[in-house]
Amino acid sequence: MSDPTPEQAARIRDWIRTETAGTPLEAIRDSVASRYSDMCEAIGGFTREAVTSASPGEEWAPIDALKHLAEWNWLVGEAVLHTSLTGERPNNPLPSFPREIEALQARLTESADSVWAHVSAADPAGFLETTWEHPVFGQLNWREWYFFLGVHALDHTRQVLAMKAGHHA
């Protein structure tokens, strides 16, 4: 997938900020869960062979997009839950999950449940001054990163759907 132009990145960053500013945490949770569900549904439409094979011109197979999403969202989810409660971001390493659909889908669910269990106990306005860098969208606070978990899933769901069209699955 290509990176957005600077103008697109600024628009997306502004959208993330607008969406999270007054949105209840429950609504952010529901948005993230819906986008995870969309990804799982998109992955489910492939044959076993097609899900593990990259189309010509593609760097990743569909399962690689799911693996990337599960690993990065796990890492970001850990940062969100710790920062929401303590104001400090952990420096955890990126996990490495097996390249298996069911295991990756389970990790997405586990992560979403854990993040919600923690942020639901946090002050929704607490520690928002603590930010960390997104390589495209700049500094985001924990609420913005929480919402971004769903944005990230949406991006890779679109990628998987494009792969599906290429596989004619």
Side-chain angles (χ1 to χ4, degrees), residues 1-43 59-60 63-99 103-160:
M1 301 211 68
S2 60
D3 288 332
T5 66
E7 295 79 20
Q8 290 170 325
R11 237 184 356 262
I12 294 167
R13 182 182 54 249
D14 291 345
W15 172 66
I16 290 169
R17 290 199 171 123
T18 300
E19 286 297 312
T20 59
T23 303
L25 290 173
E26 293 85 353
I28 296 173
R29 175 204 59 207
D30 294 346
S31 174
V32 171
S34 174
R35 291 185 173 142
Y36 283 6
S37 177
D38 292 344
M39 174 55 124
C40 292
E41 183 178 323
I43 283 286
E59 183 178 338
W60 286 354
I63 197 161
D64 298 318
L66 178 61
K67 184 176 188 305
H68 165 83
L69 176 67
E71 290 171 347
W72 278 98
N73 279 22
W74 184 281
L75 179 68
V76 171
E78 286 181 330
V80 166
L81 67 87
H82 284 283
T83 306
S84 71
L85 294 171
T86 68
E88 295 180 16
R89 179 178 164 235
N91 193 20
N92 296 339
L94 183 66
S96 180
F97 298 149
R99 197 171 179 256
L104 294 169
Q105 290 173 333
R107 291 297 191 170
L108 279 176
T109 300
E110 290 169 30
S111 176
D113 291 348
S114 178
V115 173
W116 175 246
H118 290 82
V119 301
S120 65
D123 174 356
F127 304 115
L128 297 179
E129 70 283 357
T130 303
T131 62
W132 62 98
E133 184 81 14
H134 182 280
V136 176
F137 306 119
Q139 296 292 322
L140 302 175
N141 64 43
W142 69 264
R143 284 178 62 97
E144 294 162 344
W145 275 105
Y146 187 29
F147 183 78
F148 182 77
L149 295 174
V151 175
H152 191 220
L154 174 63
D155 183 43
H156 288 292
T157 300
R158 288 178 177 165
Q159 179 186 23
V160 165

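Starting from 1, each residue takes its place in the sequence as its number. All values derive from a computational prediction rather than experimental measurement.
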Minimum side-chain heavy-atom gap [X]-[Y] below 4.5 Å:
X: T83; Y: W132; result: yes
X: L104; Y: R99; result: no
X: F147; Y: W15; result: yes
X: T20; Y: Y146; result: no
X: I28; Y: R143; result: yes
X: Q159; Y: W60; result: yes

Do the side chain of E144 and the main chain of N141 share a donor and acceptor less than 3.5 angstrom apart?
yes
Tell me if a side-chain donor or acceptor on E88 pairs with a main-chain N or O of H82 at a distance below 3.5 Å.
no
A quick test of your reading: do over 12 heavy atoms of other residues, nucleotides or ligands sit less than 6.0 Å from CD of E59?
no
Whether over 12 other heavy atoms sit under 6.0 Å from E41 CD:
no
I need the R29 CZ to T23 OG1 distance, nearest 0.5 Å.
13.5 Å
Mind checking ring-ring contact (aromatic ring centres under 6.0 Å, His included) for W142 and listing every partner two or more places apart, or none if nothing turns up?
none
Which atom pairs, one a donor and one an acceptor, fall under 3.5 Å between side chains of residues 107-117 and the rest of the protein, sequence neighbours left out?
from : atom 1 : to   : atom 2 : distance (Å)
T109 : OG1    : Q105 : O      : 3.3

Donor-acceptor list for residues 72-79 side chains, cut-off 3.5 Å, not counting sequence neighbours:
from : atom 1 : to   : atom 2 : distance (Å)
N73  : OD1    : H152 : ND1    : 2.6
N73  : ND2    : Y36  : OH     : 2.9
N73  : ND2    : L149 : O      : 3.0
W74  : NE1    : E78  : OE2    : 3.2
E78  : OE1    : N92  : ND2    : 3.0

